[in-house]
Participant: 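After the structure tokens below, expect a handful of questions from me.
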Amino acid sequence: MAEQAKSVFSDCAFSFVPCKELTEGLINELSQSIEKYGGKVVPLKTVKSKKTVPLEDVTHIIANSIDFPQYTDTTSMMIPVVKSKWISASLAKGRQAQIRPFTPDPRMFFSDVVLTCADIPPTDKDAIIGATMAMGGMDSENVTKLTTHICALSMDDPKCQLAVDKKLKCKIVLPHWFDDCFKLGKRIDEGPYILPDPEYLRANPEDAIKVPSSQHLEGATSARPDYLPSPSEDIVGARPTLTVFKGTKVMLSADLSIRDRLKNIIQGLVKTGGGEMVDDVEACDWFICQYRDGPQYVRASQTGKTVGNLSWLYYVITHNDWTSPLKRLLHYPVPREGIPGFKGKRITVSNYGGEARIYLENLINATGATYTKTMKSDNTHLITARKSGEKCEAAHDWGIEIVNHLWIEDSYVKCQMQPVSQGRHRHFPPRTHLGEIIGTTRFDEKILQTLYFPGGPEKLSPSSKRKRKVLDKADENSYSEGPAEGVSIGRQRHKDFNVMTDTDAEYAQKTTEAFGVPAPAKRRASNQFSTPAKGRHVRTGKENETPSTVSSASRSAKDKALNRLSVLAPDIALYEKEKKRGLKDGHGLWGGKRAADYIDRENLNRSGSSPVAGEEKEAKSEKRPAKKARPTLPDVNMRVVLTGFQRWVNDKHREDADRKKLRDLGIAVVPDGQACDYLVAPHLVRTVKFLRNLSKGATIVSSSWIEDCLDKKQLLDPQDYILKDEENEQKFGIKLATSVRRARENKGKLLWNIPIYCTNNIKNGPAGYQAIAEANGAIFMMYGTRSGTTIKPTNPEEDEGGPDPVYLLSNTSPEEKKLWNKFETMATNGNMEPRIVAADWLLDVVMNQEVTFDEKYLVTNFFN
């Protein structure tokens, strides 16, 4: 057994793709483990000044993302690409783990989930397990240290009690979380579904939800950026020399319509970075254009060049790292004539804010539809992150289609308007803000090829021919249908089978026996004939067909789940259709609405002989007056955040009424965390809300402004209500006007890249201090007895500047005093100056909007 464990990775050759999560230190550590257990690590090779993976020499590629240039090549060669966790999982099992649960492909959104079910009915349990495994998850009969999720209805089950008693890190969630993830086709946050007190069951669906940050939209909110972004803020001085252009030939298309000055700047960046600007599409590696048309775009796409727009090029320059232009929708050239079906549509947006709203506005315009800031009765669609709010109510009254952002993203990806009746487009989990998954949809290159650059030129260079074959082979090796459509799972090497000589059937059988997963079904060519499967009779006229799905695991649970879904979906749709049918067609099934309406008419006819009944019948036959259009709300002119507002304390009814009155005046009261114009406070306070919004440079006005607007029922000038509080200004040692001015100059970067640690037992808890510090650009981290060394040891001779300060927010409790020496040692070894301070230092610095330090804030002085 020991000998078998020593040879876990025998006959395997690995290569690593470095990224932010897969650092050089982690790669060295994993490489030692691989070599210790019989494997071989193949270093990257340099080709045209670029580090590339030697695909011909490797059997596995370790990467935590599929966003690297050679991913399509690995797919065509069926080389497995797995996350770094696969290595530790294989060592824990004593044999190579399955590939599917560790794929970095984001479309397999349950790839990190190890599930066990508790008190779930057998039928639902089979469905949840099967669908989870289909999307990359794993099933565990018992609770182990590797279990990440327990699906349960309550905490009474022994599995849940075991997890609590052993303090396991797994999350105990309601089955509703899996259901919502399956319906959306995306993984959402588990927070609202976590037992024992899930917000999903406790909170009102209309209650406010914190708007998440648009982490997937960085540098991808517009297909036509207005300016070249600055380099990363932590880089001081001139822009550094870019390495991403080494050995790369770049061509700018004429349809970009950029000025000569900007073009010269781009050319200079490319050339100083080791690249070359060319004017021939045949010679370029990257082709940058605005629209998906023209002979140059078609030629570049057909010959396998990297094709992106100016927004994608700016993103690459800003981050000095390659990314696929197909990963983000507005990094790829836009269709000049829009998407079929969108012309003439008027679309508005609700419940999305910040970058998400800008992204949706530009995406709507790219489809050829018209974006409107306000909603009127002539709007055709409302895209919303939650099914709540005034716009949703008005849309329901006016018959406007209500959808989430997945509808327009799917339409843009598939290059045609998708039916709004698809379940994922109308699904709104009650306690989830869908802004957390916006921007996670990527292009399907096969669809783009079919519509915009079909076929191929007759004369191709050898390298272009190879690229075309690679793309076709990659498409053939990926799943052709089902929930994992487009995903490719590589083939693992094993001594009992041969990839080159075994047939697909033999290989599927052997891989199932060895790893528990069969080989993926190959994509059938469109001109290849086969005997069609016997179909189930479905009445014509149905808008959507339920797509068939292909199960790739050997478990019967998955087959049962998928069969159950495919059987029920058409029946449910037909039932809903028949229930709505009237008597006018003269045929069809009897029952439901048809029967009820018929009986009502018969009863009415029996009583129709009386004069009164006749008059009532005649009156009912008169034409119903048209419904009065609901007046539109005025535009939002001011967004305000309230803190310390006493008018609504313990009076929810009055608060709701006042909010509506303010909205009618053009004032929107927004939750903390959203962009705001004014911060309303009764006086100077050091609350989280006050300090976070002060850091944004919001104008601070007195609460009496809101009071007077409500009492006088008119919009008053907020400049007449600028907050003045000399007593508290003297108490805190600040001038409020000066602090606001500095905040606007700082632009939220007062503490930019300053490391601030905080103990777990700090007074009032660390959450508030974290929100304040991060609102000002600080690097906030927790520090405890088990915290490792998070500051890299540095010799003073190697550090160009002097020691920078590093702060620890702490009290003087005995438990926290034990951390001080350890913290000071860590900081000193990293050539940094340790400062263990009271939390008041952070509050005063943010209140003053100026970084200063006085020894009175040191815990040894402050609490004496």
Side-chain angles (χ1 to χ4, degrees), residues 16 18-32 64 84 231-237 240 243 319-321 746 748-762 766-767 769-846 850-863:
F16 291 86
C19 64
K20 292 180 180 179
E21 296 81 16
L22 196 56
T23 60
E24 291 296 331
L26 180 58
I27 290 175
N28 292 334
E29 182 180 337
L30 294 174
S31 299
Q32 293 175 6
N64 288 345
S84 54
S232 300
E233 298 292 343
D234 55 346
I235 300 175
V236 181
T243 58
H319 293 80
N320 195 22
D321 191 20
N746 293 330
K749 297 176 182 178
L750 169 69
L751 300 171
W752 187 253
N753 278 346
I754 294 179
I756 298 177
Y757 291 79
C758 183
T759 60
N760 290 311
N761 298 323
I762 192 78
Y769 300 115
Q770 179 176 1
I772 295 170
E774 291 180 347
N776 288 272
I779 301 173
F780 191 90
M781 290 168 283
M782 300 304 300
Y783 195 76
T785 54
R786 297 186 178 182
S787 299
T789 301
T790 55
I791 299 178
K792 181 181 178 181
T794 305
N795 293 326
E797 295 80 10
E798 299 175 358
D799 202 347
E800 295 180 359
D804 294 324
V806 56
Y807 297 89
L808 173 65
L809 307 183
S810 177
N811 294 328
T812 56
S813 64
E815 294 81 6
E816 296 186 53
K817 285 183 177 179
K818 295 177 182 178
L819 303 174
W820 295 354
N821 289 336
K822 179 182 174 184
F823 178 79
E824 289 174 341
T825 303
M826 177 184 71
T828 304
N829 291 340
N831 194 33
M832 301 191 77
E833 179 186 348
R835 293 176 179 175
I836 304 174
V837 297
D840 289 66
W841 168 80
L842 175 63
L843 302 181
D844 288 348
V845 164
V846 174
E850 186 177 31
V851 180
T852 58
F853 180 72
D854 193 304
E855 291 189 354
K856 70 179 183 180
Y857 291 106
L858 294 174
V859 289
T860 52
N861 301 328
F862 190 85
F863 294 104

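Keep in mind that this is a model prediction, so the values were computed, not measured. Residue indices begin at 1 and follow the sequence shown.
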Participant: Just to verify, what does Phe780 make a ring pair (Phe, Tyr, Trp, His ring centres under 6.0 Å) with, not counting sequence neighbours?
Facilitator: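 With neighbours one apart ignored, the set is empty.
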Participant: State, with a plain yes or no, whether a side-chain heavy atom of Val806 is found less than 4.5 Å away from one of Tyr757.
Facilitator: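 Counting from C-beta outward, Val806 and Tyr757 do come under 4.5 Å.
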Participant: Just to verify, what does Gln770 make a side chain to side chain donor-acceptor pair (under 3.5 Å) with, not counting sequence neighbours?
Facilitator: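 Partners of Gln770 under the side chain to side chain donor-acceptor pair (under 3.5 Å) test: Glu774.
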Participant: Atom OG1 of Thr828 and atom CG of Asn821: how far apart are they, to the nearest 0.5 Å?
Facilitator: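 Between atom OG1 of Thr828 and atom CG of Asn821 there are 10.5 Å.
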Participant: At their closest point, which heavy atom of Ile791 faces which heavy atom of Gly830, and how far apart are they?
Facilitator: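 Nearest pair, atom of Ile791 first, then Gly830: CG2-CA, 3.9 Å.
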Participant: Could you tell me the separation between the CD1 atom of Ile779 and the CD1 atom of Ile754, rounded to the nearest 0.5 Å?
Facilitator: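 Answer rounded to 0.5 Å: 9.5 Å.
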Participant: May I have the step-by-step check of side-chain contact (heavy atoms from CB on, under 4.5 Å) for Phe863 and Asn811, ending in yes or no?
Facilitator: CA-CA 8 Å; Phe863 294 104; Asn811 294 328; 4.2 Å; yes
Participant: Give me the atom names and distance for the closest heavy-atom approach of Asn753 to Pro755.
Facilitator: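 Distance-wise, the nearest heavy atoms are O-CD, 3.4 Å.
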Participant: The criterion is salt bridge (charged side-chain N to carboxylate O under 4.0 Å, His left out); which residues satisfy it with Glu850, sequence neighbours excluded?
Facilitator: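 For Glu850, the residues satisfying salt bridge (charged side-chain N to carboxylate O under 4.0 Å, His left out) (neighbours in sequence not counted) are Arg742.
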Participant: If the condition is side chain to side chain contact (heavy atoms under 4.5 Å, CB included), which residues does Leu750 pass it with, not counting sequence neighbours?
Facilitator: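 For Leu750 the side chain to side chain contact (heavy atoms under 4.5 Å, CB included) partners, ignoring immediate neighbours, are Asn746, Asn776, Val845, Gln849, Val851.
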Participant: Output all residues satisfying side chain to side chain contact (heavy atoms under 4.5 Å, CB included) with Glu833, sequence neighbours left out; order by chain, then residue number.
Facilitator: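 Partners of Glu833 by the side chain to side chain contact (heavy atoms under 4.5 Å, CB included) criterion, ordered by chain and then number, come out as Arg835.
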Participant: When rounded to the nearest 0.5 angstrom, what distance separates CG in Leu842 from CG in Leu751?
Facilitator: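 Result: 6.5 Å between the selected atoms.
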Participant: Can you measure from CD1 (Ile772) to CD1 (Ile756) and round to the nearest 0.5 angstrom?
Facilitator: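 Spacing of CD1 (Ile772) from CD1 (Ile756) equals 10.5 Å.
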Participant: Holding to side chain to side chain donor-acceptor pair (under 3.5 Å), I want the full list of residues that pass it with Trp841, two or more places apart in sequence or in another chain.
Facilitator: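 In terms of side chain to side chain donor-acceptor pair (under 3.5 Å), with neighbours along the sequence ignored, Trp841 is linked to no residue.
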Participant: For Asn861, check side chain to side chain contact (heavy atoms under 4.5 Å, CB included) against everything at least two apart and list the hits.
Facilitator: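 Here the qualifying residues are Glu855, Leu858.
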Participant: Taking all non-hydrogen atoms of both residues, which atom of Asn64 and which atom of Cys19 are closest, and how far apart?
Facilitator: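 Result for this residue pair: CB-SG, 4.2 Å.
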Participant: List in chain and number order the residues that pass side chain to side chain donor-acceptor pair (under 3.5 Å) with Tyr769, two or more places apart in sequence or in another chain; answer none if no residue qualifies.
Facilitator: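 Counting only residues at least two positions away or on another chain, Tyr769 forms no side chain to side chain donor-acceptor pair (under 3.5 Å).
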Participant: Identify, with sequence neighbours excluded, every residue that meets ring pair (Phe, Tyr, Trp, His ring centres under 6.0 Å) alongside Phe16.
Facilitator: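 Ring pair (Phe, Tyr, Trp, His ring centres under 6.0 Å) check on Phe16 returns nothing, list empty.
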Participant: Would you compute the distance between atom CG of Leu808 and atom OG1 of Thr759 and round it to the nearest 0.5 angstrom?
Facilitator: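 Here the rounded value is 6.0 Å.
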Participant: Could you tell me which residues satisfy side chain to side chain donor-acceptor pair (under 3.5 Å) with Ser810, sequence neighbours excluded, listed by chain and number?
Facilitator: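 Expected list: Glu816, Trp820.
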Participant: Can you sort out the partners of Asp844 under side chain to side chain contact (heavy atoms under 4.5 Å, CB included), two or more places apart, ordered by chain and number?
Facilitator: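 Result, side chain to side chain contact (heavy atoms under 4.5 Å, CB included) vs Asp844: Arg686, Tyr857.
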